[in-house]
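Note sheet for the following structure.
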Amino acid sequence: MSRRIIVLGVGNILWADEGFGVRAVEELNARYGFPSHVRLVDGGTQGLALLPIVEDADVLVILDAVDYGLPPGSLFMADDDDVPRCLTAKKMSLHQTSMLDVLGLAKLKDTLPLHVRLIGVQPLDLQNYGASVTPPVRAQIDAALTETLAYLARYGVTPRPRAAGEALEPLGPESVMIDFYELVG
């Protein structure tokens, strides 16, 4: 039996580097197709609405910008019980509190995924409303995807690279996808 795997990008795309997790999962979706037991989710800032999604996973990968006091653009990983500690390093926005609440509720309900991995990036700019991710943070998207794929490989997941021009199901509205957002913004 295949494990149910969720790759969850969280963050607020309206606040520059806050959008890293959403942009990373969006790029993962653009580059690869996954088996049916792997689901990619743009969690945005949905907070507690993410609880059923988290509870549905056996393996959860969270992509997010987290202020851990590192140089901007630094990538870091945390697993299982270390994930909540990383999310509380320094609160940057309400979505971090909400994600911490989601994980806490799942733990209380004994529905926390068996395995949780946080792939985080140290933000540079969280104050520029309407801006996209900054160059040092954007430069870590490829590394975050590499880490995500390596982690998924532990569970036997082999993604299929998408063919050029292949149609794909977007994770959210087209109007907030990075290509449209930056064209308009």
### Query
Judged by atom type as modelled, is there a donor-acceptor pair below 3.5 Å linking the side chain of D67 to the main-chain atoms of G69?
yes
### Task
Please report the C-alpha distance between V7 and L28 in whole Å, then the side-chain angles of each, then the deciding distance to 0.1 Å, and finally whether the side-chain contact (heavy atoms from CB on, under 4.5 Å) criterion is met.
CA-CA 9 Å; V7 179; L28 188 64; 3.9 Å; yes
### Minimum heavy-atom distance V137-F20, with the two atoms named
CG1-CD1, 3.6 Å
### Task
To the nearest 0.5 Å, tell me how far N12 CG sits from T45 OG1.
5.5 Å
### Message
Determine whether the aromatic ring centres of residues H115 and Y155 are separated by less than 6.0 angstrom.
### Response
yes
### Message
Once salt bridge (Lys or Arg N to Asp or Glu O under 4.0 Å) is applied, do any residues pair with E166, and if so which ones, sequence neighbours excluded?
### Response
R160, R162
### Query
Counting N and O atoms only, with roles assigned by atom type, does the side chain of Q122 sit under 3.5 Å from a partner on the main chain of A65, one being a donor and the other an acceptor?
no
## Note on the structure
Between the CG atom in D82 and the CE atom in M77, the distance rounded to the nearest 0.5 Å is 12.5 Å
### Message
Is any side-chain heavy atom of I13 closer than 4.5 Å to one of E18?
### Response
no
#### Entry: Hphob cluster co-occupancy, Y68 + L124, side-chain heavy atoms under 4.5 angstrom
no
### Message
Under the criterion side-chain contact (heavy atoms from CB on, under 4.5 Å), I'd like the reasoning laid out for V25 against L171: C-alpha separation, chi angles, the key distance, then a yes or no.
### Response
CA-CA 9 Å; V25 78; L171 301 178; 3.9 Å; yes
### Query
What pair of heavy atoms forms the shortest contact from V157 to P35, and how long is it?
CG1-CD, 4.2 Å
### Message
Side chains of L8 and L63, heavy atoms from C-beta outward: is any pair under 4.5 Å?
### Response
no
### Query
What is the minimum heavy-atom distance between G47 and S98, and which atoms define it?
CA-CB, 3.3 Å
### Query
Would you call I141 and L145 a side-chain contact if the rule is heavy atoms closer than 4.5 Å?
yes
### Query
Does a side-chain heavy-atom distance below 4.5 Å link R3 with L114?
yes
### Query
For the side chain of D17 and the backbone of T134, is there at least one donor-acceptor N/O pair under 3.5 Å apart?
yes
#### Entry: L51 side, atom CG; M99 side, atom CE - distance, nearest 0.5 Å
9.0 Å
### Query
Any side-chain heavy atom of I6 within less than 4.5 Å of one from V59?
no
### Query
Do the non-hydrogen side-chain atoms of D101 and L48 ever get within less than 4.5 Å of each other?
yes
### Task
Report the distance from atom CG of L40 to atom OG1 of T148, rounding to the nearest 0.5 Å.
9.5 Å
### Task
Test I119 against L75 for side-chain contact (heavy atoms from CB on, under 4.5 Å), laying out the working first.
CA-CA 7 Å; I119 300 173; L75 197 67; 4.1 Å; yes
### Query
Hey, what do you get for CG (L152) to CD (E147), rounding to the nearest 0.5 Å?
11.0 Å
### Query
Does D56 have any salt bridge (Lys or Arg N to Asp or Glu O under 4.0 Å) partners at least two apart in sequence or in another chain, and if so, which?
R4
### Task
Report the C-alpha separation of V22 and V10 in whole Å, then their side-chain angles, then the decisive distance to 0.1 Å, and conclude whether the side-chain contact (heavy atoms from CB on, under 4.5 Å) test is met.
CA-CA 5 Å; V22 172; V10 293; 5.8 Å; no
### Message
Counting C-beta onward and ignoring hydrogens, is there a side-chain heavy-atom pair between L149 and Y32 closer than 4.5 Å?
### Response
yes
### Summary
In terms of heavy-atom contacts, D81 and K107 come closest through OD1-NZ, 4.2 Å
### Message
Does any part of the side chain of L103, heavy atoms only, come nearer than 4.5 Å to the side chain of L112, both counted from C-beta?
### Response
yes
### Query
If you measure from CG on L60 to CZ on R39, what distance do you get to the nearest 0.5 Å?
11.5 Å
### Task
Determine, for R23 against D42, whether the closest basic-nitrogen to carboxylate-oxygen distance falls under 4.0 angstrom.
no
### Task
May I ask you to decide if L70's main-chain N or O and S74's side chain share a donor-acceptor pair within less than 3.5 Å?
no
